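These numbers were taken from a predicted model, which means no experiment stands behind them.
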Amino acid sequence: MSQTVDRALSILPLLARGPADLGTVAAELDVHKSTALRLLRTLHEHGLVHRQRDQRYRLGARLFTLAQEAVANLDVREVAHAHLMALNESCGHTVHLAVYEEREVLYIDKVESRYPVRMYSRVGKPVPITVAAVAKLLLADLPEAERRALAERLDYPQYTPRSTPDAAAFLRELATVREQGWATDLGGHEESINCVGAPIKGPDGRVVAAMSVSAPNVVVSAEELLTLLPHVRRTADAISREYAGTTPPKEAATG
């Protein structure tokens with residue numbers, strides 16, 4: 001039975017490359033045509049494979065429906081939380097998770113610092129979009145036209161002397177973030193708070209969320225916080241792999 005299932009599942013990536021006839025499928029599986037036909041019929045009955053008029057087979061619409069339902073039901077917070085907790089346990093600093101929705105970047109999870117000095121941020125609260133590391137990561141992944149249009153619409157509050165001054169500067173920073181794959185906020189929102197973040201990607205490679213580690217200067221300097229970047233990126237990569245389903249759920253990444 002396990003061999004039959006394995007053979008049937010092996011047909012799907014073959015057809016993902018394009019329609020194939022019975023002979024091609026049989027040759028790819030190294031089985032007799034009658035065996036390949038039986039497997040194809042079973043997949044066809046479940047809507048996973050469709051037979052075209054030219055007698056070639058392609059992936060069925062049911063497969064795409066299942067994929068869309070699976071993605072829609074994924075909860076990135078549920079996947080990420082254990083990893084965020086592990087990172088917090090390792091470094092001791094505040095860890096945030098954020099998403100981009102309805103032209104706002106929102107915190108959807110937060111693990112508090114172990115230190116007495118705490119950050120004033122809360123789940124569900126909009127992020128200062130022009131300065132926050134998580135916002136830069138999420139907006140940097142937008143298509144260029146959408147990214148540019150959004151940058152032109154935004155206001156640029158000068159929270160500190162290090163705040164992003166205007167759309168041109170913001171677009172340059174987003175381009176840098178897009179290229180390097182990580183972002184910082186070094187006193188851009190609050191002069192005493194620094195932050196470093198990394199993107200979390202979905203099955204299609206697009207950024208679905210962003211995570212960050214933040215700490216006040218009285219606890220750790222900006223330079224010291226930046227030394228955590230490899231750990232932050234490893235954590236984000238581990239969440240991405242689990243969210244995309246490329247690795248089974250397991251213990252959170254450690255430094």
Side-chain angles (χ1 to χ4, degrees), residues 67-68 71-72 74-77 79-80 84 95-110 119 121-191 193-214 222 225-226 228-230 232-241 243-244 246:
Q68 290 170 354
V71 172
L74 283 175
D75 182 349
V76 68
R77 181 187 179 280
V79 172
L84 305 182
V95 182
H96 287 109
L97 181 70
V99 296
Y100 179 58
E101 291 183 354
E102 302 296 331
R103 298 183 180 178
E104 284 189 324
V105 175
L106 303 171
Y107 290 127
I108 61 171
D109 201 0
K110 177 185 180 181
M119 289 185 60
S121 58
R122 64 177 184 272
V123 173
K125 181 182 178 182
V127 174
I129 200 167
T130 60
V131 292
V134 288
K136 296 170 189 175
L137 290 160
L138 291 160
L139 301 184
D141 191 60
L142 296 175
E144 183 178 358
E146 185 177 349
R147 195 164 68 239
R148 185 170 297 277
L150 176 63
E152 295 293 344
R153 284 197 308 268
L154 291 174
D155 295 323
Y156 292 86
Q158 295 304 288
Y159 303 106
T160 79
R162 295 184 178 181
S163 298
T164 308
D166 52 38
F170 193 46
L171 287 169
R172 287 195 298 271
E173 186 157 12
L174 293 184
T176 298
V177 168
R178 188 180 180 93
E179 181 178 354
Q180 68 189 14
W182 52 275
T184 61
D185 169 16
L186 304 179
H189 183 224
E190 297 179 60
E191 288 191 82
I193 302 291
N194 299 303
C195 176
V196 60
I200 295 165
K201 298 181 179 182
D204 59 357
R206 297 295 304 275
V207 176
V208 296
M211 58 160 293
S212 65
V213 170
S214 303
L225 187 68
L226 285 170
L228 294 176
L229 177 60
V232 173
R233 297 186 76 178
R234 284 196 300 271
T235 301
D237 288 345
I239 297 169
S240 298
R241 289 193 299 271
Y243 183 79
T246 55

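The shortest distance between side-chain heavy atoms of Y107 and V127 falls below 4.5 Å. Counting only heavy atoms from C-beta outward, the side chains of V177 and L137 approach each other to under 4.5 Å. Looking at L97 and I200, their side chains come closer than 4.5 Å, going by heavy atoms from C-beta outward. Looking only at side-chain heavy atoms (C-beta outward), L84 and I239 come within less than 4.5 Å of each other. Using a 4.5 Å heavy-atom threshold, the side chains of L150 and L142 count as touching. Residues F170 and L174 meet the side-chain proximity criterion, which asks for heavy atoms closer than 4.5 Å. Between V196 and L186 the shortest side-chain heavy-atom distance does not fall below 4.5 Å.
A distance of 11.0 Å separates OG of S212 from NZ of K136, quoted to the nearest 0.5 Å. To the nearest 0.5 Å, atoms NZ (K125) and NZ (K110) are separated by 8.5 Å. Considering OG of S214 and CG of N194, their distance stands at 8.5 Å, rounded to 0.5 Å. Taken to the nearest 0.5 Å, the CD atom of E104 stands 13.0 Å off from the CG atom of L138.
Heavy-atom minimum distance, A236 versus A198: CB-CB, 3.7 Å. Closest non-hydrogen pair, P128 versus A135, comes out as O-CB, 4.4 Å. The two atoms that bring A167 and A151 nearest to each other are CB-O, 3.5 Å, heavy atoms only. When every heavy atom of G197 is checked against every heavy atom of A133, the shortest pair comes out as N-CB, 4.2 Å. In terms of heavy atoms, L106 sits closest to E101 at CD1-OE1, 4.3 Å. Residues A140 and R147 come closest through the heavy atom pair O-NH1, 3.5 Å.
In this structure a side-chain-to-backbone donor-acceptor pair under 3.5 Å is present from Q158 to Y156. In this structure a side-chain-to-backbone donor-acceptor pair under 3.5 Å is present from Q180 to W182. Side-chain atoms of S240 come within 3.5 Å of backbone N or O of K201 as a donor-acceptor pair. Side-chain atoms of T164 come within 3.5 Å of backbone atoms of T130 as a donor-acceptor pair (strictly under, hydrogens ignored). Counting only distance, with no hydrogens or angles, the side chain of D204 and the backbone of R206 share a donor-acceptor pair below 3.5 Å. Using modelled atom types, one side-chain atom of T160 and one backbone atom of G187 make a donor-acceptor pair closer than 3.5 Å. D109 places no side-chain N or O within donor-acceptor distance of the main-chain N or O of R77, the cut-off being under 3.5 Å.
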Criterion side-chain contact (heavy atoms from CB on, under 4.5 Å) on M211 and H96, from CA distance to verdict: CA-CA 5 Å; M211 58 160 293; H96 287 109; over 6 Å; no

Output, in order, the C-alpha distance, side-chain angles, deciding distance and verdict of side-chain contact (heavy atoms from CB on, under 4.5 Å) for I129 and L139. CA-CA 9 Å; I129 200 167; L139 301 184; 3.7 Å; yes

Test side-chain contact (heavy atoms from CB on, under 4.5 Å) on I108 and V76; report intermediate values, then the result. CA-CA 9 Å; I108 61 171; V76 68; 3.8 Å; yes

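For the side chain to side chain contact (heavy atoms under 4.5 Å, CB included) criterion with V232, the lone passing option out of L226, V95, V213 is V213.
Note: H189 and Y159 have perpendicular aromatic rings, judged against thresholds of 30 and 60 degrees for the angle between ring planes.
Using a 4.0 Å cut-off between charged side-chain N and carboxylate O, E191 and R162 make no salt bridge.
R153 CZ: more than 12 foreign heavy atoms inside a 6.0 Å radius. Atom CZ of R233 is surrounded by more than 12 heavy atoms from other residues, nucleotides or ligands within 6.0 Å.
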